[in-house]
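The sequence lines fix the lettering, A, B, ..., with proteins before strands; numbering per chain opens at 1. Keep in mind that the numbers below use all heavy atoms, side chains included, and drop hydrogens, waters and symmetry copies. The shown structure was predicted, so the numbers you read here are calculated from the model rather than taken from an experiment.
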Number of protein chains: 2
Amino acid sequence: MKKITIKDIAKAMGYSIGTISKALSNSHEISPVTKVEIQKFANEHGYQSNQYAKLLRKGRTNIIGMIVPSIGNPFFSQILEGIEREMSETTYNLIIMQSADDPKLELKHLEMLSKKGADAVVIAATGNHLSLRYLQRLKDEGTPIVLIDRTNYAINTYKIGIDNFKVVYQGISQLVNRGKRKILFISNLSPGTSMERRRGYIQCLRDFDIAYNSDYLLSIATNSGRMEVLEQLKNKLIHLVNSSSPPEAIFTASDQLTYLTLEALHAIGIAVPDHLALIGFANFQYTNIFQPSLSSIVQPSHEIGSQAFAILSKILDSSDNEILAAYQNIELQASILTRKSSE
Amino acid sequence: MKKITIKDIAKAMGYSIGTISKALSNSHEISPVTKVEIQKFANEHGYQSNQYAKLLRKGRTNIIGMIVPSIGNPFFSQILEGIEREMSETTYNLIIMQSADDPKLELKHLEMLSKKGADAVVIAATGNHLSLRYLQRLKDEGTPIVLIDRTNYAINTYKIGIDNFKVVYQGISQLVNRGKRKILFISNLSPGTSMERRRGYIQCLRDFDIAYNSDYLLSIATNSGRMEVLEQLKNKLIHLVNSSSPPEAIFTASDQLTYLTLEALHAIGIAVPDHLALIGFANFQYTNIFQPSLSSIVQPSHEIGSQAFAILSKILDSSDNEILAAYQNIELQASILTRKSSE
DNA sequence: CTGAAAGCGCTTACAG
DNA sequence: CTGAAAGCGCTTACAG
């Protein structure tokens, strides 16, 4: 059952290679009768065009490169789901790579994608300046770039994320409305999102006339191992809880930090919400079976993925690979599931 | 900053195209001096070979196709992580597709992979006979196939999973040793794993001299929506709990069923483990923050991925794409994390 | 409406 | 040790 080519069809049917090619791509140059005849023959013999010959000829690869910190993180795996569902039956190919939030690895992956001739790149970037410069260069060379999740970077391109300021503001408001005034804010170091999230926190406190306390602003590097991050959190939390002014609530500004903070609180024996309320970013589908059921900020992860693909396919499908009128910064709506952990 | 080709180098250096090609692939035909000179020039000018021209010439695509039920399921996303880490800096390309455990979609994806000319396929198959037949055909045509997770199918190829019988036997033993004799076993319909898991359950009961009760053997189709599965579970559980012989423990034989069963138990107000103990398959990294902390069967998901790639790269890298001596059925070790839910 | 020919970027027998 | 030439499977001006 060897693969059949245009040449085979041409020989079998007594047409030239060019005619077969044109008939199969439905060219108007070919007479309807011949076209039908050829297409029928091709179908019956299971002809499938060789993508690589096509792409070589057209100078394209149809590869969309994607870099995320970790596929195992449900937030990113859901984004991936969203892309895959749209893409699977197209001729595009997705290549996925994990940066582990390591700038060096990220840069290596970008170089690899360039080497593989990726026609577009989707990335949740670490924010490392070398990577950003590389992205800028790719963009200048004509490769469309879509920044997802972490969008607050000074590069003028397509961006898809959420309104970080707003959803954090809402989350903090909830805590305040439940009588919490001493709110610990824990975020990671990603400049792509943490600025806006922190701004939401600070502005909300200000609007509620709550004094700002720098001890309540915690930044944790999450690209070290899980155990290390957990230890750090435990130490910080023990310290704060035993301080003269212990926090009454925690807001965690990333999925991983939410899970690890909850784990740390369990480990050091602090009851949630009795002792300390908690609300945080979390996209795992089953946060309602957490101890306690978790008040979660949920992002439209699937939609982030599907929109990224929508934008790219629009650009790549346009004959001259033209960049759309204006770069868009799409801010989708995140939602808050209020549950026991913040009661 | 246009891409530079072999032709460009040939023109610039005054060598023929063939010589450049051979020098870059380190052929012994070329004199060491010339080779160094050419390689240096290529490096300095950022030459990157066009994979597609290469593959077209060699009749290969270097595409590895992968089909899993759902990328969002942490178990499968971890397998993906395992593959990606090994593969990212190679010239192989992974194409991922989701079957949603839908046989029709699975078959469509397989056809797509064949159309794209995948050089190999990695699949957690539904077990649908049309798909299995298609896989068999691909295999017969020379495409290496690796079955992951669901390995109990009558197709003679590479298989990577766990010793399902053994780990279930151990899990059930734990429950029995804690005094439970009425154990409800909930599994999905996948023939690739559920047979062996069920066998472990039944054999364990037998060895402990516990009467087998068919009411305690529950099979749930998990490819309908999440809410639907949840409803089913709630109904079944309410019925059983109120029966004349209510179960004392539950063993859930898939990740999704574990989460949903716990959710169902919460919803209908059954306390775990006080009222009913629970132990189940679960690969989410943070099952210790569940309510209660979950006794989990954890599979070596990353290793399943990395081994799949290891096998394939070995086959595909061998010049004649030869199938290795014998097909292997690799059974990795799963582990049991015993925690509060089964106390 | 159909065909002959060039070429995408590469590799590899075959000569010399 | 180096080069000329054919060919992987396709598309597309250009002729006729």
For A:Glu37, all residues meeting salt bridge (charged side-chain N to carboxylate O under 4.0 Å, His left out), sequence neighbours excluded: none
Phosphate-side-chain proximity, B:Lys54 and D:dC8, N/O vs OP1/OP2 below 4.0 Å: no
Rounded distance in Å - CD (A:Glu29) to C1' (D:dA15): 12 Å
Sugar-phosphate only, base, or nothing, as touched by A:Leu56 at under 4.0 Å among non-hydrogen atoms: base
Short side-chain to backbone donor-acceptor contact, B:Tyr153 and B:Ala125, under 3.5 Å: yes
Candidates D:dC10, C:dC1, D:dT2 - which lies nearest the side chain of A:Thr5: D:dC10
Gap between atoms CG and P, on B:Leu24 and C:dT12 respectively (whole Å): 13 Å
Interatomic distance where NZ belongs to B:Lys58 and C1' belongs to C:dC10 [whole Å]: 10 Å
Residue pair B:Asn62 / B:Thr91, side-chain donor-acceptor N/O under 3.5 Å: yes
Sugar-phosphate, base or nothing in reach of A:Ser25, heavy atoms under 4.0 Å: nothing
B:Ala53, nearest nucleotide to its side chain (from D:dC1, C:dC10, D:dG9): C:dC10
Polar contact flag, side-chain donor to acceptor under 3.5 angstrom, A:Gln78-A:His302: no
Any residue of residues 14-22 of chain B with a heavy atom less than 4.0 Å from an atom of DNA chain C: B:Ile17, B:Gly18, B:Ser21, B:Lys22
Strand DNA chain C as a dot-bracket string - pairs counted if Watson-Crick or G-U with both distances under 3.5 Å, | where the partner lies in another strand: |||.||||||||.|||
Whole-Å distance separating the CD1 atom of A:Ile6 from the P atom of D:dG7: 18 Å
Pairwise ring pair (Phe, Tyr, Trp, His ring centres under 6.0 Å) hits with a residue in residues 108-134 of chain B, at least two apart: none
Residues forming a side-chain contact (heavy atoms from CB on, under 4.5 Å) with B:Ser16, sequence neighbours excluded: B:Thr19
Side chains of B:Glu86 and B:Ser306, donor plus acceptor under 3.5 Å: no
Spacing between B:Asn26 atom CG and C:dC10 atom C1', to the nearest angstrom: 17 Å
Residue pairs fulfilling ring pair (Phe, Tyr, Trp, His ring centres under 6.0 Å) with at least one residue in residues 5-43 of chain A, sequence neighbours excluded: A:Phe41-A:His45
Length of the NZ-P vector between B:Lys7 and C:dA6, whole Å: 13 Å
Phosphate contact (D:dT2 OP1 or OP2) by B:Ser31 side-chain N/O below 4.0 Å: yes
Nearest-Å distance for atom pair CG/P, residues B:Asn50 and D:dC8: 18 Å
Expected output: side-chain A:Ser25 to main-chain A:Ser21 donor-acceptor under 3.5 Å: yes
Atom-pair distance (CD1 on B:Ile38; P on C:dC10), nearest Å: 14 Å
